[in-house]
Amino acid sequence: MSSTELAALVCCDLGAIVRGRSVPSDTLSGDGGSSVGWVPANLALTPIGTLAEPNPFGSTGDLRLKPDFDAHVRVELGYEEIGVGDGFERIGGRERSPLELVLCDIVETDGSAWECCPRSFLRAALSELEATLGLQTVASFEHEFQLLLDAPPALAFSLEAQRRAEPFPSLVFDALRRAGVAPERFMPEYASHQFEIPVEPAAGLAAADRAVVLREVVREVARALGTRASFSPLLDPSEAGNGVHIHLSLLDADGYNPLYDAARPAGLSELGARFAAGVLEHAAALSALTAPSPVSAARLRPHRWSAGAVCLAQQNREALLRVPPLVTSAGAGAPATQLRLEYRGADASANPYLALGAIVRAGLDGVRRELPAPALLDRDPALLGEVDAARFGVGALPASLAASLDALAFNETAREWLSPLLYEAYVAVKRAELDAAGGVELDKLCKRYAAIY
Ligand code: GLU
Ligand code: MG
């Protein structure tokens, strides 16, 4: 093998595609000298391979990708580690180079934050939460994905499904650990060759970094086994989709989670209920940032156990926002450390920084405006009559990306979370995807997006 190893300096763009440039690994240095050039119009590149036109950037301008060495990942997947499982082929005859990447901020040439940098967008949202309420965010992104294998799938949730997929599960788990992603579990899921990997919670920015890294590490291990992992929100309209559930709790200066209050329903404090109300109020606009591909809305229809309705619930997987029940058996952690909100309406076509930042801003808006606590829905939202739906405040998510973008356009508060330039670029990318999706049947679109994510 060649002795030069490359490290990729990358950012996650508006369509959640990781792009960047590589440098020899041995030239990386933490002293600020390691940035590489970048071009504003790169942020108008779409996930379908085109440049969105018109876009606000044109051919001018220069930026830098500035590595954040707290988000430096190097994972070696030596050839000798890779065996052959059912349905996998061993590829190549030589060792694979390590996957080395550093997540970057997109900055101006003087090093200051660029107003369209997604990581800076999240940082700003987290700072606002801290400045307003003195609170930090703790989050984790729970991903589902599918291996694109021709072999017939084993049964849902079965041990058989997991064992047939070996060596993928153990290799990927190990690689994620080494990448600092802190995976908690590996689970076979409901759809064909579908798996889920929850990870440990981390501070806001690190949690979103982990989401970016997890996707790339999972893809890398699948590649090394001669297959592909797809995180596309919906591979087959007749099957369950691939969700990204964002779990979120808060920490005050004493390290206490103020979302928890033992005396209130589901243990959700008044502050937590207001935060949840803000997320629900802005749900339609949020979906333009959290479920933003042309196939995303099809995953979010009722009775897919994804997020069939805009409501808050406890033990109900049809709700956009859930308070996972507290485990009280011996050995379980303190309730305040367990209590969190689970936003079920995201998928991997969403940029994790934009998604989490927007959820935080929506929640903060609910707290600021002291919105009333949403009802905790204890039944299937799709079966509510009109009167009950109104009583419980249950609404529908936008039925298409076009409708989500309209909701964002009409929601002045949400639109202003993004700078005008970022908003314009984002809409340009999403409109380009929509134009290309026009008139294409869902089945075909799912295939197109399976090849992208
Ligand atoms: N696959 C479902 C989704 O699309 C999630 C199922 C579950 O794990 O609760 O979000
Ligand atoms: Mg799941």
Side-chain angles (χ1 to χ4, degrees), residues 16 139-147 153-159 161-162 165 169 172-173 176 183-201 211 214-215 218 229-248 279 283 286-287 289-325 327 340-350 352 355-356 359 377 380-382 396-399 401 404 442 445-446 449-450 453:
S140 81
F141 289 67
E142 170 193 319
H143 283 84
E144 292 170 333
F145 58 91
Q146 284 164 274
L147 292 179
L155 294 174
F157 310 119
S158 67
L159 179 61
Q162 177 161 334
V172 89
F173 208 91
L176 287 169
E184 287 181 319
R185 282 179 294 282
F186 185 95
M187 292 142 64
E189 258 282 356
Y190 195 62
S192 300
H193 307 294
Q194 188 184 34
F195 303 99
E196 172 179 322
I197 306 183
V199 305
E200 283 175 25
L214 180 139
R215 296 172 195 178
V218 168
S230 175
F231 290 80
S232 185
L234 195 59
L235 291 192
D236 176 346
S238 68
E239 289 204 327
N242 295 304
V244 175
H245 300 179
I246 303 178
H247 295 255
L248 185 119
V279 173
L286 272 178
S287 68
L289 296 162
T290 61
S293 79
V295 299
S296 293
R299 171 188 150 248
L300 296 171
R301 291 187 186 141
H303 295 153
R304 307 186 62 97
W305 290 28
S306 51
V310 179
C311 58
L312 176 69
Q314 193 175 27
Q315 289 164 333
N316 188 337
R317 287 168 187 80
E318 282 289 299
L320 176 65
L321 210 52
R322 203 167 79 101
V323 189
V327 181
R340 60 195 189 277
L341 290 168
E342 178 188 8
Y343 178 90
R344 299 173 61 83
D347 66 51
S349 65
L356 182 58
I359 291 169
L377 193 73
D380 182 349
L397 276 165
L401 174 57
S404 297
L442 181 61
L445 266 188
C446 286
Y449 277 82
Y453 294 109

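All residue numbers in this chain count up from 1 along the given sequence. Each ligand, and each atom within it, is numbered from 1 in the order the structure gives.
- Checked against Phe141 for a side-chain contact (heavy atoms from CB on, under 4.5 Å), the options Leu214, Ile197, Val199, Leu356 give a single hit: Leu356.
- The N/O atoms of His245, backbone and side chain alike, include one that comes under 3.5 Å of an N/O atom in ligand 1.
- Across all non-hydrogen atoms, the minimal contact from Ser230 to Ala450 is OG-O, 3.5 Å.
- Taking every non-hydrogen atom of Glu196 and a distance limit under 4.0 Å, the qualifying atoms of ligand 1 come out as 8 (O).
- When every heavy atom of Arg185 is checked against every heavy atom of Pro198, the shortest pair comes out as O-CD, 3.2 Å.
- For Gly241, a nitrogen or oxygen atom sits less than 3.5 Å from a nitrogen or oxygen atom of ligand 1, counting backbone and side chain alike.
- Distances from the Mg ion (ligand 2) to each N, O or S atom of Glu144 single out OE2 as the nearest.
- In terms of protein heavy atoms, atom 4 (O) of ligand 1 is closest to Arg299 NE, 2.7 Å.
- Remark: side-chain polar atoms of Glu239 are paired, donor with acceptor, to backbone N or O of Ser192 under 3.5 angstrom.
- You'll find the ring centres of Tyr343 and His245 outside the 6.0 Å limit.
- Nearest protein neighbour of atom 1 (N) of ligand 1, counting heavy atoms only, is Glu144 OE1, 2.7 Å.
- Nearest to the Mg ion (ligand 2), among the N, O or S atoms that Glu189 has, is OE2.
- Checked against a 3.5 angstrom limit, the closest N/O atoms of Glu189 and ligand 1 fall inside it.
- Residues Arg304 and Leu234 have side chains in contact (heavy-atom distance under 4.5 Å, counting atoms from C-beta outward).
- Between the side chain of Glu318 and the main chain of His303, a donor-acceptor pair closer than 3.5 Å is present.
- A salt bridge links Arg344 with Glu342: the distance from a Lys NZ or Arg NE/NH1/NH2 to an Asp or Glu carboxylate oxygen falls below 4.0 Å.
- The atom of Glu196 nearest to the Mg ion (ligand 2) is OE1, with the search restricted to N, O or S atoms.
- Proximity to Ser306 (heavy-atom distance under 4.0 Å) selects the following atoms of ligand 1: 3 (C), 4 (O), 10 (O).
- The contact set between ligand 1 and Arg317, taken as ligand atoms under 4.0 Å from a residue heavy atom, comprises 9 (O).
- Counting only heavy atoms of the protein, atom 9 (O) of ligand 1 lies nearest to Arg344 NH2, 2.9 Å.
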